[in-house]
Amino acid sequence: VTHGDYIMNLILIGNIVALAGAAVMVASGFIKNRKNVLIAQCGQFAIMGVSNLILGGVTGMISNVVSILRNIICLKREFTIPLKIFFIAIQLILSARVNTMGLIGWFPIIAACVFTWFLDTKSDLFLKFIIIVTMLPWCVYDFVLYNYVSFAFDVFTIISNTIGIIMLLRDRWGAKKEG
């Protein structure tokens, strides 16, 4: 097996693993309440972290692992500013030590830090908006890593969360018209 074949096999395996995580990612866009979105994201983050590691995306894996811990804490207790700062700091420190991709390597960390800061929003609508905004840097990162499955599903997640926003707005507008 040549080095090129080895690399192509890693890319294929990473994309196959990403497919499982991506399916969970897109499905979470149709979930209306915050608690269930966060639970679904934990499964997605675990699978996507493995995919990132296979493809050489160490900062993406760090982002996913810290995001799992963050979501678990957020489900169980109030997500205070000190906790936000703690999780942001962990990601920044770990990534500064292992990032070998330059600016692109910071994209998942930037996305995770923004998401972490706004995670405690009470608005399901705003949470979906933040998911959309934070998927944009992941699109670039996944494309650069040859994680084409994740890239495609990043785009699908943006679309599904946009649909989720429309559904939430339609429900709210319908309730106002009836009331």
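- Surrounding CZ of F115 are more than 12 heavy atoms belonging to other residues, nucleotides or ligands, all under 6.0 Å away.
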Requested in this report: Report the C-alpha distance between I13 and L55 in whole Å, list the side-chain angles of each, state the deciding distance to 0.1 Å, and finish with yes or no for side-chain contact (heavy atoms from CB on, under 4.5 Å).
Outcome: CA-CA 9 Å; I13 292 166; L55 294 168; over 6 Å; no
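- Cluster annotation: L169 is connected to L127 through the hydrophobic network of ILVMFWY side chains, with a link wherever side-chain heavy atoms come within less than 4.5 Å.
- For the pair F79 and C74, the tightest heavy-atom approach, listed with the atom from each and the gap, is CB-SG, 3.9 Å.
- The shortest heavy-atom contact between F87 and I73 is CZ-CG1, 3.8 Å.
- Checked against the 6.0 Å centroid threshold, F156 and F153 count as a close aromatic pair.
- Residues L103 and I93 fall into different hydrophobic clusters, defined by Ile, Leu, Val, Met, Phe, Trp and Tyr side chains chained together at heavy-atom separations under 4.5 Å.
- Between the CD1 atom of I54 and the CG atom of L12 there is a distance of 10.5 Å, given to the nearest 0.5 Å.
- Under the 4.5 Å side-chain contact rule for hydrophobic residues, I68 and F86 do not share a cluster.
- Heavy-atom minimum distance, C42 versus I72: SG-CG1, 4.3 Å.
- Residues passing the salt bridge (charged side-chain N to carboxylate O under 4.0 Å, His left out) test with D124: none are found, sequence neighbours excluded.
- Residues V149 and A22 approach most closely at CG1-CB, 4.3 Å, considering heavy atoms.
- Distance check, rounded to the nearest 0.5 Å: CG of D142 to CG of D154 gives 4.5 Å.
- Q91 contributes atom CD, which lies 9.0 Å from atom CG of N64 (distance to the nearest 0.5 angstrom).
- Contact check for V50 versus M61: no side-chain heavy atoms found under the 4.5 Å cut-off.
- No donor-acceptor distance shorter than 3.5 angstrom exists from the side chain of K84 to the backbone of T116, with no hydrogens or angles considered.
- Among T157, N161, I163, the one residue that satisfies the side chain to side chain contact (heavy atoms under 4.5 Å, CB included) test with I159 is I163.
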Query raised in the report: Taking it one step at a time, do M135 and V155 satisfy side-chain contact (heavy atoms from CB on, under 4.5 Å)?
Result: CA-CA 8 Å; M135 288 310 301; V155 173; over 6 Å; no
Report task. Go through N71 and F45 one step at a time and tell me if the side-chain contact (heavy atoms from CB on, under 4.5 Å) criterion holds. Result -> CA-CA 10 Å; N71 281 9; F45 289 147; 3.5 Å; yes
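- From L10, atom CG reaches atom CG of N15 across 11.0 Å, with rounding to the nearest 0.5 Å.
- For the pair V58 and N52, the minimum side-chain heavy-atom distance is 4.5 Å or more.
- Residues L94 and I90 are in side-chain contact: their nearest non-hydrogen atoms beyond the backbone lie under 4.5 Å apart.
- The closest donor-acceptor contact from the side chain of S63 to the backbone of T59 lies at 3.5 Å or more, if one exists at all.
- Side-chain contact between L83 and R77 is present, with at least one heavy-atom pair separated by less than 4.5 Å.
- What you find for P108 and G105 is that their closest heavy atoms are CD-O, 3.5 Å.
- Under the 3.5 Å distance criterion, the side-chain polar atoms of T134 are matched with a main-chain donor or acceptor of I131.
- Tracing side-chain contacts under 4.5 Å through hydrophobic residues (I, L, V, M, F, W, Y), one never reaches L19 starting from V24; they form parts of separate clusters.
- A distance of 8.0 Å separates CD1 of I81 from CG of D120, quoted to the nearest 0.5 Å.
- In this structure, M101 and W106 have side chains that are not in contact, with every pair of non-hydrogen atoms separated by 4.5 Å or more.
- In this structure, the separation between CD1 on I62 and OG on S67 is 11.0 Å, given to the nearest 0.5 Å.
- Contact between N147 and S51 at its shortest, heavy atoms only, is ND2-OG, 3.3 Å.
- L38 has its side chain within reach of L119: a pair of non-hydrogen atoms, C-beta onward, lies under 4.5 Å apart.
- In the hydrophobic clustering of ILVMFWY residues, with side-chain heavy atoms under 4.5 Å counting as a link, L53 and L69 come out together.
- For the pair F118 and V133, the minimum side-chain heavy-atom distance is 4.5 Å or more.
- Heavy-atom contacts from other residues, nucleotides or ligands closer than 6.0 Å to CE of M167 number more than 12.
- Contact check for I104 versus F107: side-chain heavy atoms found under the 4.5 Å cut-off.
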**Report entry** Residues I31, I39; criterion side-chain contact (heavy atoms from CB on, under 4.5 Å); working and verdict
**Finding:** CA-CA 11 Å; I31 298 172; I39 291 169; over 6 Å; no
